2 protein chains.
Amino acid sequence: MARQVNQSISKGLAAARPLELYQRIKRDLEGRILSGEWPPGYRIPNELELMAQYRCARMTVNKVLSGLAAAGLIERRRRAGTFVSRQHSDSAVLRIPNLHDEVIGRGASYSYKLISRAVRSPRLDDPGEAEFAQGQDLLELGSLHFAGERPFTYERRLISLATVPEAAEVDFGDVSGGTWLMDHVPWSEATHRIGALNATPQIARLLKIAVGEAVLAVERQTWRLREAVTQVWQYFPADLYHLSARFTPSQTSIVEEAEVRHAAAPAPK
Amino acid sequence: MARQVNQSISKGLAAARPLELYQRIKRDLEGRILSGEWPPGYRIPNELELMAQYRCARMTVNKVLSGLAAAGLIERRRRAGTFVSRQHSDSAVLRIPNLHDEVIGRGASYSYKLISRAVRSPRLDDPGEAEFAQGQDLLELGSLHFAGERPFTYERRLISLATVPEAAEVDFGDVSGGTWLMDHVPWSEATHRIGALNATPQIARLLKIAVGEAVLAVERQTWRLREAVTQVWQYFPADLYHLSARFTPSQTSIVEEAEVRHAAAPAPK
DNA sequence: CACAGCCTTATGACTAGGCATAATTGTCGG
DNA sequence: CCGACAATTATGCCTAGTCATAAGGCTGTG
């Protein structure tokens with residue numbers, strides 16, 4: 001029966017780090033998933049292989065994997081194996097609404113129209129944009145999303161070609177930036193800013209509403225590890241859209257969903 | 001890259017699996033913490049005691065506790081024991097913005113004014129309200145929150161006296177409903193709905209803005225375990241307020257914060 | 001009496017191995 | 001030839017028990 005060799009090893013190597021073994025393993029696996037090395041749907045090594053790889057006991061690996069599964073990053077099925085979740089970009093952390101699915105789910109027909117597409121250098125007068133671009137070029141997209149005949153989102157998006165150079169090869173005429181990114185780039189962090197504004201003439205024209213109508217504005221930025229991936233501004237007519245979010249402490253069911261309203265905006269009571 | 005793809009994952013969230021043992025234990029412990037049975041700072045039974053209580057192995061308990069510690073609900077210290085975290089009501093789960101702190105944090109002076117306070121029975125013509133009240137009376141509050149001289153929120157709130165009967169004794173002239181509830185009722189679940197609307201005459205008058213100005217509307221409902229606690233509608237002038245949220249998969253830093261804007265609303269670029 | 005350092009021991013982290021489960025494969029009957 | 005059912009076995013889940021760690025007490029010295 002082998003003695004516990006590993007503890008003394010880890011102590012010698014990582015004396016400065018009080019991090020527990022299973023936390024280091026967890027970090028490592030998270031990194032592989034979020035970096036894209038293990039893409040969504042990938043079957044990760046089983047407990048026995050990981051055990052050998054990290055020179056630890058099976059139960060330690062199991063603890064890590066159970067934790068990641070509870071977090072929604074992976075899914076485990078007996079006999080089948082452990083797979084990187086496809087939805088870790090939505091269910092695990094925050095469900096970034098996929099406009100296509102939202103509209104279809106409400107029974108309306110969805111269509112998408114690309115308005116503009118340009119590769120350009122970041123504006124020097126915009127420090128936020130400069131930091132986002134990291135000295136590389138940006139891809140800027142403007143698009144409209146329709147539910148039935150009505151436009152329900154105008155979207156302006158920046159994609160960092162420093163982080164996602166392959167986006168430069170995509171034409172985005174048929175697939176929206178959000179959909180393409182969700183399928184190709186796992187993200188690890190996101191910030192949202194949600195506000196309201198009165199429709200400017202430009203927005204009113206694009207959304208086919210009156211100037212001054214209330215518009216819900218969502219600004220979102222996502223990162224993969226520490227690299228900025230995309231930044232997007234979305235504008236919704238107030239009577240067509242609202243965001244909803246549900247939070248529970250188990251942290252497994254944090255979900256944000258977007259709904260397309262069919263009735264008029266509910267008046268305050 | 002030779003990627004092994006699993007097809008059945010994309011079918012959506014797991015459909016009510018039989019729930020493993022350690023997940024049941026985890027739920028149970030969460031319940032005790034969130035219900036207030038184990039208040040913040042409480043030292044929970046050690047692994048040996050829990051092992052006996054749940055008739056399982058030590059490692060199973062350890063897995064649960066490690067998970068809860070990673071989620072931030074508890075804190076573990078060798079030799080000292082395991083304690084319920086003091087901050088689980090804000091940082092661990094979701095920080096429900098406390099308007100008072102938000103305003104003060106921005107350097108503006110905060111004031112609060114109660115407009116109306118009434119105990120009443122639920123409206124029979126509102127099924128949502130009936131379900132919320134559970135046959136008991138409701139406490140309805142209307143209030144304004146000011147940043148400096150300007151009103152920046154009009155808030156209408158319902159409190160379920162079935163769940164929080166002691167709220168009937170509070171007069172809410174000095175302390176807002178949200179503040180009082182945060183200090184007295186731990187919550188375990190919350191839903192948000194966020195939208196935009198043009199100011200109605202009533203809202204415009206209260207917020208001292210023009211009729212038709214864009215307003216950010218937040219509807220929030222919270223539960224303690226399965227019992228509804230409160231339901232609130234908040235209306236913010238669009239130029240004064242937006243919500244922001246930051247998400248990461250490590251699950252430790254899920255935070256939502258509200259900011260008071262000082263500049264005008266950023267125009268779309 | 002106060003403080004520092006050693007010692008005890010409660011406590012959490014880990015190892016080792018067996019059990020239960022369900023996806024796959026094989027087999028039989030229509 | 002195809003579908004339903006059973007056997008197989010890879011895989012995740014759980015139990016049992018050992019080891020390292022650090023909080024708090026104890027002892028000895030200034």
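None of these values were measured; they are calculated from a predicted model. In what follows, every chain begins at residue 1, and chains take the letters A, B, ... in the order their sequences are listed.
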- Which nucleotide in the list D:dG12, C:dT15, C:dG12 gets nearest to the side chain of A:Arg76? D:dG12

- Side-chain-base donor-acceptor pair under 3.5 Å for B:Arg79 and C:dG12: no

- Task: Would you indicate, yes or no, if D:dT11 has its OP1 or OP2 atom less than 4.0 angstrom from a side-chain nitrogen or oxygen of A:Thr82?
- Result: no

- Message: Whether B:Glu30 and B:Arg27 form a salt bridge (side-chain N of Lys/Arg under 4.0 Å from carboxylate O of Asp/Glu) is what I want to check.
- Response: no

- Message: Does this structure show an ion pair linking A:Glu47 with A:Arg76, if we count only N-O contacts that are shorter than 4.0 Å?
- Response: yes

- Given C:dT15, is OP1 or OP2 found less than 4.0 Å from the side-chain N or O atoms of A:Thr60? yes

- Message: Do A:Ser143 and A:Arg157 pair up side chain to side chain, a donor and an acceptor below 3.5 Å, judged on atom types alone?
- Response: no

- Given atom CG of B:Asn62 and atom P of D:dA20, what is their separation to the nearest angstrom? 17 Å

- Query: To the nearest angstrom, how far is A:Leu21 atom CG from D:dT18 atom C1'?
  - Reply: 16 Å

- Protein-nucleotide distance (A:Tyr22, atom OH; C:dG12, atom P), rounded to Å: 12 Å

- Tell me, yes or no, whether the heavy-atom count around B:Gln53 atom CD, taken from other residues, nucleotides or ligands under 6.0 Å, exceeds 12. yes

- Item | Length of the CE-C1' vector between A:Met51 and C:dC14, whole Å | 13 Å

- A:Arg78 CZ to D:dA10 P: how many Å, rounded? 16 Å

- Message: Nearest whole Å is fine: how far is D:dA20 C1' from B:Glu47 CD?
- Response: 14 Å

- Looking only at side-chain atoms of A:Arg77, point me to the closest of C:dA23, D:dG12, D:dT21. C:dA23

- B:Arg58 (side chain) and C:dG12 (base): donor-acceptor pair under 3.5 Å: yes

- Query: Roughly, in whole Å, what's the span from CG in A:Asn46 to C1' in D:dT9?
  - Reply: 13 Å

- Under 4.0 Å between a Lys/Arg side-chain N and an Asp/Glu carboxylate O for A:Arg32 and A:Asp28? yes

- Task: Figure out the CZ/P separation between B:Arg55 and D:dA16, and round it to whole Å.
- Result: 12 Å

- Query: Which nucleotide in the list C:dA13, D:dC13, D:dT15 gets nearest to the side chain of A:Met59?
  - Reply: D:dT15

